[in-house]
Amino acid sequence: MLTKSKVQDFLKEIEVDDLVSNFQVMGNDVYIDMTSHSPAMHEKKKLEVAMKQAFASEFGEHINLKLKIASPELPATPVTNEIKGKQIPGIQNIIAIASGKGGVGKSTVAANLAVTLAKMGFKVGLLDADIYGPSVPTMLDTEGQRPISVEVNGRNLMKPIENYGVKMLSIGYFSGANQAVVWRGPMASKALNQMIRDADWGELDFLLIDLPPGTGDIHLSIIQEVPVTGAVIVSTPQHVALADVRKGIAMFNMESINIPVLGLIENMAYFTPEELPENKYYIFGKQGAQFMAEDLGIPVLGEIPLIQSIREAGDVGRPAALQENSKIAEIYTKTAQNMVESLVERNTNLPPTEAVKITTMAGCSPKKK
Ligand SMILES: Nc1ncnc2c1ncn2[C@@H]1O[C@H](COP(=O)(O)OP(=O)(O)OP(=O)(O)O)[C@@H](O)[C@H]1O
Ligand SMILES: [Mg+2]
């Protein structure tokens, strides 16, 4: 007969007793609540398999082990960088919208989040950091506009363009935009810096930065110069996109950069045809982002469906999230709320935003978990 004390001795013998918070034995059923050493999904799975094998070989195959494995409490990310970046007066939170991969919908997500946050009553700015392929002017119907110059406290600043309650700047508004495609890293970084620091953004709750694809010069320059509060990562469920996302996240996690990742937005998570709005087709695979997010210990902020009207709305310059009482507006509102919650948590648990100076990329290593 299986007894509680036999199980207790065995848990000690296999050296997991310190992970077990509670256990019960009822006939052949053994209920165990325990905490894994790591929040990573594969570690939890490994622990589950090892426990099942150990119990089966010790007490026999007829024993039903009912395991509940919880994640450990994560300590707040330690921020050890020296403060080097200058705060930007008036701007509360700077959020980088990023992904390792191109074409996953960063700009679409950034535009929709910006108008959603504005609808929620926040003061919002959107900076198009894609010097080589700006999309903000088209996506927010401000193509062909030119920022005027205004004098603020004796300084000449450019005034962001405004539409749908969002202030925005993009290289696409400047007459030299066509030449920008041949700019090298330093020129591009300089232009970007001017759009951040030499602009009259006024008071903003959020400045969203729509980053270009990849993990190159522009990303490092922004991270170097601008006190980014947090990063939001966009991915599609496809395996290749997810692999690139890991690279993107690793960049924000580098010890010398250490920008908290607020969460992951899964774009094109499923397809919903207009005529069958309740149907969901997981054409790029299901829940890849969830598993990865769980594995990396970051939250999923939202799942945005692949909908024809999102693409059409982007092309005509009126983000789909502006469609009153639509499913897509509802999804974006929830996603924006989750982002704000994650941000509040970040601002409560971590020291104030710092911009970090990267002197050399050598020696940067992914942060140890
Ligand atoms: N959820 C969606 N449903 C339908 N179409 C979408 C969706 N998200 C993005 N698209 C479309 O996919 C294309 C690429 O999107 P977008 O330009 O936002 O990607 P990106 O990641 O910013 O690309 P890049 O890496 O070039 O900057 C656009 O035509 C856009 O309208
Ligand atoms: Mg883009």
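In each ligand, atom 1 is the first atom listed, and ligand 1 is the first ligand listed. Along the sequence shown, residues carry numbers from 1.
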### Query
Hey, is Asp130 touching ligand 1 through its side chain, its backbone, both or neither, going by heavy atoms under 4.0 Å?
side chain
### Under 4.0 Å to a heavy atom of Gly102 - the qualifying atoms of ligand 1, by number
25 (O)
### Task
Return yes when atom CD of Gln308 has more than 12 non-hydrogen atoms of other residues, nucleotides or ligands closer than 6.0 Å, and no otherwise.
no
### Message
With nothing but distance in play, are any N or O atoms of Gly105 less than 3.5 Å from an N or O of ligand 1?
### Response
yes
#### Entry: Close approach, Pro305 and ligand 1, non-hydrogen under 4.0 angstrom
yes
### Query
Is the Mg ion (ligand 2) less than 2.8 Å from an N/O/S atom of Ser107, whether that atom is in the backbone or a side chain?
yes
### Message
Give me the nearest non-hydrogen protein atom to atom 26 (O) of ligand 1 as residue plus atom name, then the distance to 0.1 Å.
### Response
Gly103 N, 4.0 Å
#### Entry: Which residue and heavy atom of the protein sit nearest atom 9 (C) of ligand 1, plus the separation
Thr108 OG1, 3.5 Å
### Task
Indicate yes or no: does an N/O atom of Asp210 lie under 3.5 Å from an N/O atom of ligand 1?
no
#### Entry: Region of Asn267 that comes within reach of ligand 1 [heavy atoms, distance under 4.0 Å]
side chain
### Query
With backbone taken as N, CA, C and O and side chain as the heavy atoms from C-beta onward, which portion of Ile307 lies under 4.0 Å from ligand 1: side chain, backbone, both, or neither?
backbone
### Query
Between Asp205 (side chain) and Lys123 (backbone), is there a donor-acceptor pair under 3.5 Å?
yes
### Summary
of all protein heavy atoms, closest to atom 2 (C) of ligand 1 is Ile310 CG2, 3.6 Å
### Message
Heavy-atom contact check, 4.0 Å cutoff: does Pro212 meet ligand 1?
### Response
no
### Message
With the threshold set at under 4.0 angstrom, would you say Met139 reaches ligand 1 through any of its heavy atoms?
### Response
yes
### Task
Would you kindly confirm whether Phe59 and Ile32 end up in one hydrophobic cluster when ILVMFWY residues are joined by side chain heavy atoms under 4.5 Å apart?
yes
### Query
Any non-hydrogen protein atom below 4.0 Å of atom 11 (C) of ligand 1?
yes
### Task
Look only at interatomic distance and state if Ser107 has a nitrogen or oxygen under 3.5 Å from any nitrogen or oxygen of ligand 1.
yes
### Message
Please say yes or no: joined through hydrophobic side-chain contacts below 4.5 Å, possibly via intermediate residues, are Ile94 and Leu169 part of one cluster?
### Response
yes
### Query
According to a 4.5 Å side-chain heavy-atom criterion applied to Ile, Leu, Val, Met, Phe, Trp and Tyr, with indirect links allowed, do Leu262 and Phe122 form part of one hydrophobic cluster?
yes
#### Entry: Those atoms of ligand 1 less than 4.0 Å from some heavy atom in Leu306
1 (N), 3 (N), 4 (C)
### Summary
Among non-hydrogen protein atoms, atom 29 (O) of ligand 1 lies closest to Arg311 CG, 3.7 Å
### Task
Verify the ring-centre separation between Tyr282 and Phe271: is it less than 6.0 angstrom?
no
### Query
Okay, side chain of Lys12, backbone of Asp17: is any donor-acceptor separation there less than 3.5 Å?
no
### Message
Are Ile91 and Val344 connected into the same hydrophobic cluster when the rule is that any two of I, L, V, M, F, W, Y join if their side-chain heavy atoms are below 4.5 Å apart?
### Response
yes
